[in-house]
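I have placed the structure first, in the form of structure tokens, so that the comments after it can refer back to it.
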Amino acid sequence: MADLAKIMQEIKRGVAEMIDEERVENLIKNFYEKGENFYVKAGFDPTAPDLHLGHSVVLAKMALLQKHGAIIQFLIGDFTGQIGDPSGKSATRKKLDRETVMKNAKTYEEQVFKILDPSKTKIMFNSTWSNELGAAGVIELTSTFPVARMLERDDFEKRLKAGTPISISEFMYPLLQGYDSVAMKCDIEMGGTDQKFNLLMGRTLQRVYNVGKEQAVIMMPLLEGLDGVNKMSKSLGNYIGVTDNANDMFAKTLSISDELMWRWYELLSAKSNDEILALKTAVEKGEYHPKKAKEDLAFEITARYHDEAAAQKARDEFNSVHASGELPSDMPCFEMSAPAWIVEALSTCKLAPTNSQARRDIAANAVSIDQQKIKDEQLKLEAGEYVLQVGKKKFAKLKVK
């Protein structure tokens with residue numbers, strides 16, 4: 001017989017909030033006693049083509065639930081994605097065209113199976129039932145929830161007070177997300193803490209439409225990015241993409257602080273609570289170096305999205321470059337015409353996002369050419385081949401013709 005208390009302890013690890021924990025426990029109990037599967041929904045609007053480790057927090061918890069009876073309903077919001085989720089937004093989100101939505105959706109499908117078990121996952125699209133609602137169905141849906149309650153949403157309330165426009169379509173978003181739960185008849189819905197209003201809408205509408213069940217809700221915290229301060233975000237550049245190459249994934253993970261490392265262990269590692277506690281205790285007692293613990297985490301994350309051989313190669317490469325001062329064996333290559341201004345060269349080689357940042361890096365003594373530091377931002381490179389470096393982790397080859 002499965003140890004239900006221990007299973008629930010693992011499931012609750014890192015969870016920000018769980019609504020109707022008793023229902024979650026009963027679903028798992030029924031799986032082990034009666035062999036009954038249950039359905040867990042998580043929705044993703046395909047507004048960007050790539051997933052990062054912040055998204056994987058929810059996916060990893062779903063993968064754990066799969067081991068205990070869950071069939072994952074991975075919902076791609078191809079219909080709602082064309083409206084745009086207003087959660088946390090201070091302005092109306094730009095609409096996406098159908099072609100972009102479907103292109104991004106295809107990329108999502110390819111990426112989620114790096115974490116989820118395909119045999120226990122159903123990829124679903126909410127246009128399947130949303131397109132069939134029709135005008136009468138949409139009007140009926142809008143009648144289920146009062147405007148006053150909608151305006152209680154924190155982001156809507158702030159925008160209303162600030163005099164920032166709110167479109168009617170944005171009111172529709174949480175209603176349509178809630179209706180997804182009606183159509184999918186899910187038992188549990190998962191999402192980030194910023195989705196609480198929308199997740200609760202699913203419970204409300206399942207009750208209104210007499211689905212015969214009321215979904216439990218599991219909310220995961222928003223993962224702090226590489227800076228340890230802001231949530232992981234592509235726009236902030238503090239992210240690790242699940243499609244990053246193995247060397248970058250390993251090196252970026254090693255760049256996080258020792259304090260953030262334990263947060264990442266809690267939210268990203270497949271290790272059990274007991275294993276993480278034992279590791280943390282060993283580090284605190286001085287029996288295990290925190291750098292080694294961080295290397296173990298970097299190895300685990302890299303192996304998950306690549307494989308163990310690639311993770312080991314990334315570890316060896318990192319140690320070779322950073323411990324021995326050697327150059328990476330594989331660097332991106334770029335070409336420019338002579339004379340090449342060093343500031344533009346750094347931007348062209350994607351070692352700095354802007355010329356202004358390139359100047360700041362040079363002023364901070366962070367830029368090297370062929371492993372020699374430079375300080376002259378007016379430097380012009382004549383014809384030849386160069387290895388450009390910014391900081392300890394960013395390298396590129398430049399051929400000046």
Side-chain angles (χ1 to χ4, degrees), residues 48-50 52-53 225-228 230 232-257 291 294-295 298-299 301-303 305-307 309-401:
D50 296 313
H52 54 61
L53 295 191
L226 299 171
D227 55 11
N230 299 297
M232 187 170 285
S233 165
K234 293 194 75 174
S235 61
L236 295 175
N238 64 349
Y239 72 101
I240 298 177
V242 301
T243 56
D244 279 3
N245 68 57
N247 287 349
D248 285 349
M249 194 171 282
F250 190 89
K252 286 179 181 179
T253 304
L254 277 184
S255 74
I256 65 175
S257 67
K291 182 178 181 295
K294 203 180 298 180
E295 273 196 17
F299 185 92
I301 290 172
T302 306
Y305 296 104
H306 296 278
D307 55 42
Q312 185 57 53
K313 186 177 179 182
R315 188 203 295 262
D316 294 341
E317 178 83 4
F318 184 89
N319 289 333
S320 171
V321 171
H322 299 284
S324 308
E326 298 178 14
L327 293 172
S329 58
D330 184 25
M331 286 182 276
C333 300
F334 301 88
E335 291 186 358
M336 293 180 72
S337 298
W341 180 31
I342 182 59
V343 170
E344 288 186 347
L346 293 172
S347 299
T348 299
C349 294
K350 303 188 186 305
L351 297 177
T354 62
N355 285 358
S356 297
Q357 184 60 51
R359 285 192 176 96
R360 286 193 289 271
D361 290 336
I362 293 169
N365 203 32
V367 176
S368 299
I369 299 177
D370 295 333
Q371 297 184 287
Q372 298 296 316
K373 295 285 187 182
I374 63 149
K375 295 183 178 179
D376 181 9
E377 70 170 50
Q378 299 303 324
L379 179 67
K380 300 291 196 299
L381 300 176
E382 298 302 329
E385 293 189 4
Y386 305 87
V387 173
L388 306 187
Q389 179 180 352
V390 176
K392 295 181 178 180
K393 301 183 179 70
K394 296 192 285 188
F395 297 84
K397 284 182 182 178
L398 175 64
K399 185 175 183 179
V400 181
K401 299 188 291 184

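What you see below is based on every heavy atom in this structure, not just the backbone, and it leaves out hydrogens, waters and symmetry mates.
Salt bridge status for Lys291 with Glu295: present, with a side-chain N to carboxylate O gap under 4.0 Å.
Going from atom OG1 of Thr253 over to atom NZ of Lys294 covers 10.0 Å, rounded to the nearest 0.5 Å. Separating the CG atom in Leu398 from the CG atom in Leu351 is a distance of 9.5 Å, to the nearest 0.5 Å. Note: His306 NE2 to Asn245 CG = 6.5 Å, rounded to the nearest 0.5 Å. Going from atom SG of Cys349 over to atom CD of Glu344 covers 11.5 Å, rounded to the nearest 0.5 Å. Atom NZ in Lys313 sits 13.5 Å away from atom OG1 in Thr302 (nearest 0.5 Å). To the nearest 0.5 angstrom, His52 atom NE2 is 8.0 Å from Asn238 atom CG.
Side-chain contact check for Ile240 versus Ile301: every heavy-atom pair is 4.5 Å or farther apart. Counting only heavy atoms from C-beta outward, the side chains of Ile342 and Ile369 approach each other to under 4.5 Å.
Scanning both residues, Trp341 and Glu377, for their nearest heavy atoms gives NE1-O, 2.6 Å. In terms of heavy-atom proximity, Ala396 sits nearest to Met331 at N-SD, 4.0 Å. For Asp244 against Met249, the heavy-atom pair with the smallest separation is O-CE, 3.7 Å. Nearest heavy-atom pair, Ala246 versus Ala310, reported as atom, atom and distance to 0.1 Å: CB-O, 4.0 Å. Taking all atoms of both residues into account, the shortest heavy-atom contact from Ala314 to Phe250 is CB-CB, 3.8 Å.
A cation-pi contact, defined as under 6.0 Å to the ring centre and within 45° of the axis, links Lys252 to Tyr239.
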Determine whether Ser368 and Lys373 satisfy the following criterion, side-chain contact (heavy atoms from CB on, under 4.5 Å), listing intermediate values before the conclusion. CA-CA 4 Å; Ser368 299; Lys373 295 285 187 182; 3.5 Å; yes

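No side-chain donor-acceptor contact under 3.5 Å links Asn247 to the backbone of Phe318. Formation of a donor-acceptor pair under 3.5 Å by the Asn230 side chain with backbone atoms of Ser233 is not found in this model.
For the side-chain contact (heavy atoms from CB on, under 4.5 Å) criterion with Val343, the lone passing option out of Leu379, Thr348, Asn355, Thr354 is Asn355.
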Quiz: residues 382-391 side-chain donor-acceptor pairs under 3.5 angstrom, not counting sequence neighbours:
residue, atom, partner, partner atom, Å
Tyr386, OH, Glu382, O, 2.8
Gln389, NE2, Gly391, O, 2.9

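With a 6.0 Å radius and a threshold of 12 heavy atoms from other residues, nucleotides or ligands, Lys350 has its NZ atom at or below the threshold.
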